[in-house]
Participant: 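Quick one: this structure, given as C-alpha cells, is what I'll be asking you about.
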Amino acid sequence: GCEVLMNDVKLQVKNIQDEAFYYPDLMVICGDVQVSDTHKDIVLNPILIIEVLSASTEKRDRGIKFQDYQKIDSLKEYVLISQEEYSVEVFSRDLQGEAWIYRRYEEYMVSLNSLKLKFSLEDIYQDIHFVNS
C-alpha cells in the first residue's frame, strides 16, 4: 500500500505562508497519493522523506528544508544519509506528533518506524568505498 517516489517528483509544503516546493531524493507515500489542486505532478503527503547529503546540499537539507518538512502533517520520518561516512540520521515524529526524536546510526541496523522496516548500513553502503577508509 506504499509507493516510492524518486527525486524527479515535486513536493509541495502547503502549511506555510509562502508555499515551498522541493524535489526530495526519495519519498514514500502510503495510501492514496494526494496531489496539488493546480498541478497533478506535485505531491503533498509523504510519510517518509530521504535526502542524501552532499557538501553543496547538507546545510539546506538540515536547515530550511527540514523546517519546512516538519510542517507536513503526514510526515513521520526524515532521513539524512551521508556520502562522507557510514552514517544515517533519522528524525521521527513522536506518537503525539509534537516533537521530533533524533537517532544516528553508524553501524548495524537502521530502523524506520514509519514503514516498520529494519535494514543494515551495509545494505545502504554496499560497494561504497570512502576516500578516508
Participant: Under a 4.0 Å N-O cut-off, is there an ion pair linking Glu77 with Arg103?
Facilitator: yes

Participant: Tell me if a side-chain donor or acceptor on Tyr23 pairs with a main-chain N or O of Met6 at a distance below 3.5 Å.
Facilitator: no

Participant: With side chains defined as the heavy atoms from C-beta onward, is the minimum distance between Leu115 and Ile47 less than 4.5 Å?
Facilitator: yes

Participant: Please report the C-alpha distance between Phe119 and Leu112 in whole Å, then the side-chain angles of each, then the deciding distance to 0.1 Å, and finally whether the side chain to side chain contact (heavy atoms under 4.5 Å, CB included) criterion is met.
Facilitator: CA-CA 9 Å; Phe119 51 89; Leu112 296 180; 3.6 Å; yes

Participant: If only atom types and distance count, is the side chain of Asp123 paired as donor or acceptor with the main-chain N or O of Ser120 below 3.5 Å?
Facilitator: yes

Participant: Using only atom types and a distance under 3.5 Å, with no angle test, would you say the side chain of Arg93 pairs donor to acceptor with the backbone of Gln70?
Facilitator: yes

Participant: Just wondering, more than 12 heavy atoms not from Asp32 lying within 6.0 Å of its CG?
Facilitator: no

Participant: Under the 3.5 angstrom rule, does the side chain of Asn113 hit a backbone N or O of Lys116 as a donor-acceptor pair?
Facilitator: no

Participant: Is Arg62 salt-bridged to Glu89, going by a charged N under 4.0 Å from an acidic O?
Facilitator: yes

Participant: Got a donor-acceptor contact below 3.5 angstrom from the Asp25 side chain to the Val52 backbone?
Facilitator: yes

Participant: Has Ser114 got a side-chain atom pairing as donor or acceptor with Leu48's backbone, closer than 3.5 angstrom?
Facilitator: no

Participant: Is any side-chain heavy atom of Gln12 closer than 4.5 Å to one of Phe21?
Facilitator: yes

Participant: Can you find a pair of side-chain heavy atoms, one from Ile50 and one from Pro24, that are under 4.5 Å apart?
Facilitator: no

Participant: Ignoring hydrogens and geometry, is there a side-chain-to-backbone donor-acceptor pair from Asn45 to Val33 under 3.5 Å?
Facilitator: no

Participant: Going only through I, L, V, M, F, W and Y residues with side-chain contacts under 4.5 Å, is there a path from Val90 to Ile101?
Facilitator: no

Participant: With a sphere of 6.0 Å drawn around CD of Gln83, does it hold more than 12 non-hydrogen atoms of other residues, nucleotides or ligands?
Facilitator: yes

Participant: Scan Ile72, Val28, Leu26, Val79 and name whichever one has a side chain to side chain contact (heavy atoms under 4.5 Å, CB included) with Ile49.
Facilitator: Ile72

Participant: May I ask you to test the Tyr125-Ile81 pair for a side-chain heavy-atom distance under 4.5 Å?
Facilitator: yes

Participant: If you look at every heavy atom in Ser74 and Pro46, which pair is closest and at what distance?
Facilitator: OG-O, 2.7 Å

Participant: As a quick check of understanding, evaluate side chain to side chain contact (heavy atoms under 4.5 Å, CB included) for Val43 and Val9, giving each step before the final call.
Facilitator: CA-CA 8 Å; Val43 299; Val9 177; 4.0 Å; yes

Participant: Do Val35 and Leu44 have side chains that get closer than 4.5 Å, going by heavy atoms?
Facilitator: no

Participant: Can you find a heavy atom in the side chain of Lys76 that is under 4.5 Å from one in the side chain of Ser92?
Facilitator: no

Participant: Just by distance, with hydrogens left out, do Asp68 and Tyr22 show a side-chain donor and acceptor under 3.5 Å apart?
Facilitator: yes

Participant: Same cluster or not: Leu80 versus Ile64, using hydrophobic residues (I, L, V, M, F, W, Y) connected whenever any side-chain heavy atoms lie under 4.5 Å apart?
Facilitator: yes

Participant: Determine, step by step, whether Ile124 and Tyr86 satisfy the side chain to side chain contact (heavy atoms under 4.5 Å, CB included) criterion, reporting the C-alpha distance in whole Å, the side-chain angles of both residues, the deciding distance to 0.1 Å, and the verdict.
Facilitator: CA-CA 9 Å; Ile124 296 172; Tyr86 293 106; over 6 Å; no

Participant: CG of Leu121 to CD of Glu85: how many Å apart, nearest 0.5 Å?
Facilitator: 10.5 Å

Participant: Quick one: which of Trp100, Tyr102, Tyr69 gives a ring-ring contact (aromatic ring centres under 6.0 Å, His included) with Phe91?
Facilitator: Tyr102

Participant: If I take atom OG from residue Ser111 and atom NZ from residue Lys118, how far apart are they, to the nearest 0.5 angstrom?
Facilitator: 5.0 Å

Participant: Measuring from atom NZ of Lys65 to atom NZ of Lys59, what distance do you get when rounded to the nearest 0.5 angstrom?
Facilitator: 14.5 Å

Participant: Go through it in stages, so that I can follow the logic: the residues are Val88 and Ser82, the test is side chain to side chain contact (heavy atoms under 4.5 Å, CB included), and I'd like the CA-CA distance, side-chain angles, deciding distance and then a yes or no.
Facilitator: CA-CA 6 Å; Val88 174; Ser82 175; over 6 Å; no

Participant: Considering only NZ, NE, NH1 and NH2 on the basic side and carboxylate oxygens on the acidic side, decide whether Arg60 and Glu58 come within less than 4.0 Å.
Facilitator: no

Participant: I need the Gln126 CD to Ile128 CD1 distance, nearest 0.5 Å.
Facilitator: 9.0 Å

Participant: List the atom of Glu98, the atom of Asp94, and the distance in Å for their closest heavy-atom pair.
Facilitator: N-OD1, 2.9 Å

